[in-house]
Amino acid sequence: MSRQAKTGIALVSVLALVILIGCSAKLGQVPGSGAFVTFTILGKSFTFSFGDAGVITAQADQTVVQAAAIRLFEENPPQTAPSGQMELRSSDVGVARLLNAKEIVRQQALPYYGTATIRFSMASGSSADLCESATLLSEYTLNLTAGVPSIADEMYELSAEALDIIATNDVTLCIEIASDFDGVITLDQFGLTFGGGSGGAADVSFLLRNTDFENIHILLPNESFGPSNRITPGSSRSATVSGVGIGDTVTLRAGRNGVVLDTETCPTVEQAEYTATATWDGYQLTCTAEQQGGGGTPVGTELQIPINSEGDAASPTATYNGVDYGIVGVLNTNTPDAPAADRPGSVSVDLRELGLQYVERIYLAQACAWASDLASGEQIATLTAQYEEGGAPTTLDFIMGTNTAEWSYERPEHQTDIGGVPHSLVSILYSSPTTIDSGFEYDGYMFWTSMNLDTSRTLASLTLTIVDPATLSRHPANPVPTWAGVSIVGATLVGPAGTPGN
């Protein structure tokens, strides 16, 4: 779902903070203040700050609970919303690793990976004791990929019970985190979006067209067949549906002689300014929509779409050099006896699902592992792009010191063990501190490169393959001379909006 535009920003006033780690508990007062909002709850979106309650020290294999008593709104909502969502965006989450001990993880292909489950619960009232019986608000999976956190599914549907508690206004928000790594997790803000019901905020405009050679009726919800909705061949009519809730949909019907021939549900209403175009072509009814700030991207607009390991669109986690990257782990390839990774070596993409006519360029966030002894100029892997139409694929070779390098380039032991990394450092995308396989703290790197594709064909898949390890020249002091790997932790497709063939 497209990200909802947020309005009416408000800071949550944190009245109390409770941290529970294992069997211990600590209670203390935390300063906080904020400007609250007065609003009609239906059809609105609001963003709230976690404040001090959003800084949590997570411990591997332990559950940490933190709670804050808050007042959400200046005035109690006039009614309970019939539907709603909570949003926790990847860009609103940060993770700082705890580097107070040496991390020996030679079995790990690339640095600082991990997962955490973040559960939000809410109870009416202002007491940390309420967390034991609080109602689930939302639950998210946090993935730490090469030092960058991301939320797998940012939007969570709120239950009727959660909506009832939100409407009570003075509540206790409980944050529960279970992780497999040590670190400080920072949550900046969360969004609440309410929709549905007669208090909806959108007046939806329709252009209803008939491109058939016979008359057709195109019916809005609750309309009956009649002269007002009959459209002659080559003609159109305009209509408006008022009071549609944000997050709702409108279903249209097409028919003649009192018989419905087809139905079509238009795209979800995500913004207050929404214009839909429905067309009957003699065979089926179709509907598209344009929305201010929403899903109505004009055809031909250049898009940057990060993908995940399943080929689906991934939420951006950061922007580097003007490119939106989703550092979520996309492709991985290792030599046969190197530790296996949890990401595939190939991914299929459907440009129709991604909303792209074709792909002009792919930006890649990537790095090598167990390759610190390889010299500049050695080829370590190849990325192959296949097309739906067939024909010769497009390939990109990963060359040490040219467009890729060892992620642990700055690890001090490389100097003492092999006399220093013999390949050149390439364009760094970002760095993160680590102590993996070292007695010292150093910066681990991710690098960037790009490849241009054939815009006359439709991208279908990407495959990453490692070279035969026997072709690599290894240093005699390398303890694992048959190990090598390349990981693409982020891939962003760039091309014009639309569908193939536009």
Side-chain angles (χ1 to χ4, degrees), residues 2 267 277 279 281 283-284 286-290 295-316 319-333 343-367 379-399 402-404 426-427 429 447-468 486-502:
S2 300
T277 300
T279 303
D281 63 4
Y283 299 95
Q284 64 179 349
T286 58
C287 185
T288 60
E290 293 188 3
T297 304
V299 171
T301 303
E302 184 177 272
L303 299 179
Q304 297 181 4
I305 301 183
I307 61 172
N308 59 24
S309 60
E310 297 179 348
D312 299 324
S315 297
T319 300
Y320 303 107
N321 301 321
V323 178
D324 292 333
Y325 287 90
I327 308 299
V328 295
V330 182
L331 294 170
N332 200 83
T333 184
R343 293 175 306 286
S346 183
V347 60
S348 298
V349 296
D350 186 339
L351 297 192
R352 296 162 187 83
E353 291 290 331
L354 297 175
L356 290 172
Q357 294 184 49
Y358 52 82
V359 178
E360 299 173 348
R361 183 177 302 106
I362 305 177
Y363 287 96
L364 304 166
Q366 47 79 30
Q379 180 181 339
I380 189 170
T382 298
L383 181 63
T384 301
Q386 299 280 0
Y387 300 94
E388 289 184 2
E389 297 83 358
T394 300
T395 60
L396 172 69
D397 292 333
F398 287 87
I399 307 297
T402 298
N403 58 7
T404 193
V426 297
S427 299
L429 188 67
F447 310 100
W448 77 271
T449 190
S450 64
M451 65 184 298
N452 296 325
L453 299 191
D454 182 350
T455 59
S456 68
R457 293 185 287 170
T458 307
L459 176 66
S461 66
L462 296 169
T463 302
L464 183 64
T465 54
I466 199 82
V467 300
D468 182 346
V486 174
S487 183
I488 295 177
V489 298
T492 299
L493 311 185
V494 179
T499 57
N502 282 149

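Note: hydrogens, waters and symmetry copies are ignored here, and every other heavy atom, side chains too, is used.
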Ile399 and Asn403 have their tightest heavy-atom pair at N-OD1, 2.8 Å
Measure the CG-OG distance between Leu364 and Ser450 for me, rounded to the nearest 0.5 Å. 7.5 Å
Answer yes or no: is there a side-chain heavy-atom contact under 4.5 Å between Met451 and Thr449? no
Go through the structure and list residues passing side chain to side chain contact (heavy atoms under 4.5 Å, CB included) with Pro500, not counting sequence neighbours. Leu351, Arg352, Thr458
Which value, rounded to the nearest 0.5 Å, describes the distance between Asp350 atom CG and Leu459 atom CG? 10.5 Å
Heavy atoms, side chains only, cut-off 4.5 Å: are Ile362 and Leu383 in contact? no
Closest non-hydrogen atom pair between Thr492 and Gly326, with its separation: OG1-N, 4.5 Å
With distance as the sole test, does Gln357 use its side chain to make a donor-acceptor pair with the main-chain N or O of Thr499 at under 3.5 Å? no
For Thr384 versus Pro393, what's the shortest heavy-atom pair and its separation? CG2-CB, 3.7 Å
Pair Gln366-Thr404, side-chain hydrogen bond (donor to acceptor under 3.5 Å, both in side chains): steps then yes or no: CA-CA 7 Å; Gln366 47 79 30; Thr404 193; 2.7 Å; yes
Heavy-atom closest pair, residues Leu356 and Gly495: CD2-O, 3.5 Å
Would you name the heavy atoms of Gly311 and Leu354 that are closest together and state the gap between them? O-CD2, 3.9 Å
List the residues meeting side chain to side chain contact (heavy atoms under 4.5 Å, CB included) with Ser348, not counting sequence neighbours, and say none if there are none. Ser461
Under 3.5 Å, is there a donor on one side chain and an acceptor on the other for Thr394 and Tyr387? yes
Would a 4.5 Å heavy-atom cut-off, applied to side chains only, mark Trp448 and Val323 as touching? no
Let me confirm one number: the CZ-CG distance from Arg361 to Leu493, rounded to the nearest 0.5 Å. 12.0 Å
What is the distance from atom CG of Asp324 to atom OG of Ser315, rounded to the nearest 0.5 Å? 10.5 Å
Gap separating the OG atom of Ser309 from the CG atom of Leu331, nearest 0.5 angstrom: 8.5 Å
Closest approach of Ala314 and Ile307, non-hydrogen atoms and distance? CB-C, 3.9 Å
So, using side chain to side chain contact (heavy atoms under 4.5 Å, CB included) as the criterion, who are the partners of Tyr320 when residues are at least two apart? Val148, Ala318, Tyr325, Leu429, Tyr430
Going by heavy atoms in the side chains, are Thr286 and Asp281 under 4.5 Å from each other? no
Is there a side-chain contact between Leu303 and Val494 (heavy atoms, below 4.5 Å)? no
Within a reach of under 6.0 Å around CD of Glu310, are more than 12 heavy atoms found that belong to other residues, nucleotides or ligands? no
Does some side-chain heavy atom of Pro496 sit less than 4.5 Å from a side-chain heavy atom of Glu360? yes
